[in-house]
Amino acid sequence: MDNSSTLIGLVLLLLFIGPVIYIVYHSTKMEKLLKRKAKEKNINPNITEVTPSLLLGLDSKLQKLLIINKITMEVDLVNLTEIANCELKIVNFPDRPGKTNFVSLVLLYKKTEVKPFEMVFHNDEDDINSEAEVQLQKAKKWQKLIN
């Protein structure tokens with residue numbers, strides 16, 4: 001009887017602790033990826049952010065922004081001295097009133113012939129787990145940092 005109670009207790013402990021360990025491991029893994037890519041691009045980000053869809057690293061000294069799309073694993077380095085403006089884009093789909101469905105930042109270059117760069121913070125079609133309002137606040141924070 002004591003052995004079975006102990007075994008049940010250990011299983012329940014693992015069930016509750018397992019997801020926390022996974023989240024910490026995954027977050028650490030993403031931060032290491034960001035640092036490795038930053039080193040490859042010869043920047044030293046002093047401000048970083050891990051979102052459900054993006055890894056962001058800003059080197060304030062060099063005025064460069066490292067963006068890693070976690071879905072496609074595409075790595076981009078944006079020179080902020082070439083950016084004219086950073087605009088917040090929010091889309092509320094008509095079939096879901098009162099709910100923000102898409103949040104992104106659009107980087108507009110000084111040279112108009114260069115295509116604007118879009119950083120998607122939240123897209124209901126791709127990511128139903130993250131909350132749009134939380135991602136909206138993160139996008140606003142990064143808009144202030146970039147502008």
Side-chain angles (χ1 to χ4, degrees), residues 8-147:
I8 290 172
L10 287 173
V11 169
L12 288 174
L13 180 69
L14 286 175
L15 276 172
F16 290 108
I17 301 287
V20 173
I21 291 170
Y22 173 76
I23 290 170
V24 169
Y25 170 75
H26 187 67
S27 178
T28 305
K29 182 180 170 186
M30 290 294 122
E31 287 178 10
K32 285 181 182 178
L33 173 67
L34 181 65
K35 288 179 183 178
R36 190 177 80 238
K37 294 295 182 182
K39 190 174 181 180
E40 288 175 12
K41 300 285 185 180
N42 296 320
I43 67 167
N44 186 21
N46 55 327
I47 302 171
T48 61
E49 181 104 44
V50 177
T51 72
S53 59
L54 297 169
L55 297 173
L56 302 169
L58 175 66
D59 188 331
S60 301
K61 193 174 186 179
L62 297 176
Q63 289 292 300
K64 295 196 178 190
L65 177 64
L66 179 66
I67 305 159
I68 302 173
N69 185 325
K70 288 169 60 176
I71 298 165
T72 63
M73 294 310 288
E74 182 180 329
V75 179
D76 293 293
L77 184 65
V78 177
N79 188 347
L80 296 180
T81 59
E82 298 173 0
I83 300 297
N85 195 16
C86 176
E87 295 178 353
L88 183 63
K89 181 178 175 183
I90 302 169
V91 177
N92 297 317
F93 295 132
D95 59 335
R96 298 179 191 165
K99 188 169 189 272
T100 301
N101 304 102
F102 184 85
V103 177
S104 72
L105 286 179
V106 180
L107 304 177
L108 303 170
Y109 286 87
K110 291 177 182 174
K111 296 180 181 178
T112 55
E113 63 271 5
V114 179
K115 184 180 173 188
F117 185 84
E118 187 170 24
M119 300 185 301
V120 178
F121 280 78
H122 177 77
N123 186 353
D124 262 1
E125 293 176 3
D126 294 336
D127 187 17
I128 57 172
N129 293 328
S130 70
E131 292 189 25
E133 292 303 315
V134 173
Q135 298 310 314
L136 177 60
Q137 293 307 314
K138 287 182 180 182
K140 286 179 180 178
K141 170 189 155 188
W142 280 93
Q143 182 184 25
K144 286 179 186 175
L145 288 170
I146 293 168
N147 279 336

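This is a predicted model, so every value here is computed, not measured.
Nearest heavy atoms, A38 versus P45: CB-CD, 3.6 Å. Scanning both residues, I67 and F117, for their nearest heavy atoms gives CD1-CE2, 3.3 Å. Across every non-hydrogen atom of T48 and W142, the tightest pair is C-CZ2, 4.2 Å. Here the closest non-hydrogen pair linking F102 and N123 is CD1-CG, 3.8 Å. Residues C86 and L107 come closest through the heavy atom pair SG-CD2, 3.6 Å. Nearest heavy-atom pair across L34 and G57 is CD1-N, 4.2 Å.
One distance of note links OG of S104 with CD of Q143; it measures 10.5 Å at 0.5 Å rounding. Separating the CE atom in M73 from the CD1 atom in I68 is a distance of 6.5 Å, to the nearest 0.5 Å. Rounding to the nearest 0.5 Å places CD1 of I17 at 11.5 Å from CG of L12. Distance CD/E40 to CG/L66: 9.5 Å, rounded to 0.5 Å. The CD1 atom of I146 sits 8.0 Å away from the CD1 atom of I83 when rounded to the nearest 0.5 Å. E49 CD to M30 CE: the interatomic distance, rounded to the nearest 0.5 Å, is 15.0 Å.
Using a distance-only test at 3.5 Å, with no hydrogens or angles considered, no donor-acceptor pair links the side chain of T100 to the main chain of I90. Looking only at distances, a side-chain donor or acceptor of D59 sits under 3.5 Å from a matching main-chain atom of N44.
When the shell of 6.0 Å around NZ of K32 is examined, it contains 12 or fewer heavy atoms from other residues, nucleotides or ligands. More than 12 non-hydrogen atoms from other residues, nucleotides or ligands lie less than 6.0 angstrom from NZ of K70.
With contacts defined as side-chain heavy-atom distances shorter than 4.5 Å, the pair V78/Y109 qualifies. At least one side-chain heavy atom of N147 sits less than 4.5 Å from a side-chain heavy atom of N85.
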Discussion item. I'd like to know whether L80 forms a side-chain contact (heavy atoms from CB on, under 4.5 Å) with L58, so could you lay out the CA-CA distance, the side-chain angles of the two residues, the decisive distance to 0.1 Å, and finally the verdict.
Written reply: CA-CA 10 Å; L80 296 180; L58 175 66; 3.4 Å; yes

Discussion item. Please determine whether side-chain contact (heavy atoms from CB on, under 4.5 Å) holds for the pair F121 and L136, giving the CA-CA distance in whole Å, both sets of side-chain angles, and the decisive distance to 0.1 Å.
Written reply: CA-CA 7 Å; F121 280 78; L136 177 60; over 6 Å; no

Practice prompt. Evaluate the side-chain contact (heavy atoms from CB on, under 4.5 Å) criterion for residues K41 and V75: first the C-alpha distance (whole Å), next the side-chain angles of each, then the deciding distance (0.1 Å), finally the verdict.
Written response: CA-CA 10 Å; K41 300 285 185 180; V75 179; 4.0 Å; yes

Discussion item. side-chain contact (heavy atoms from CB on, under 4.5 Å) for M119 and T51? Distances and angles first, verdict last.
Written reply: CA-CA 11 Å; M119 300 185 301; T51 72; over 6 Å; no

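For the residue pair Q63 / T81, no side-chain donor-acceptor distance below 3.5 Å is found, with atom types taken as modelled.
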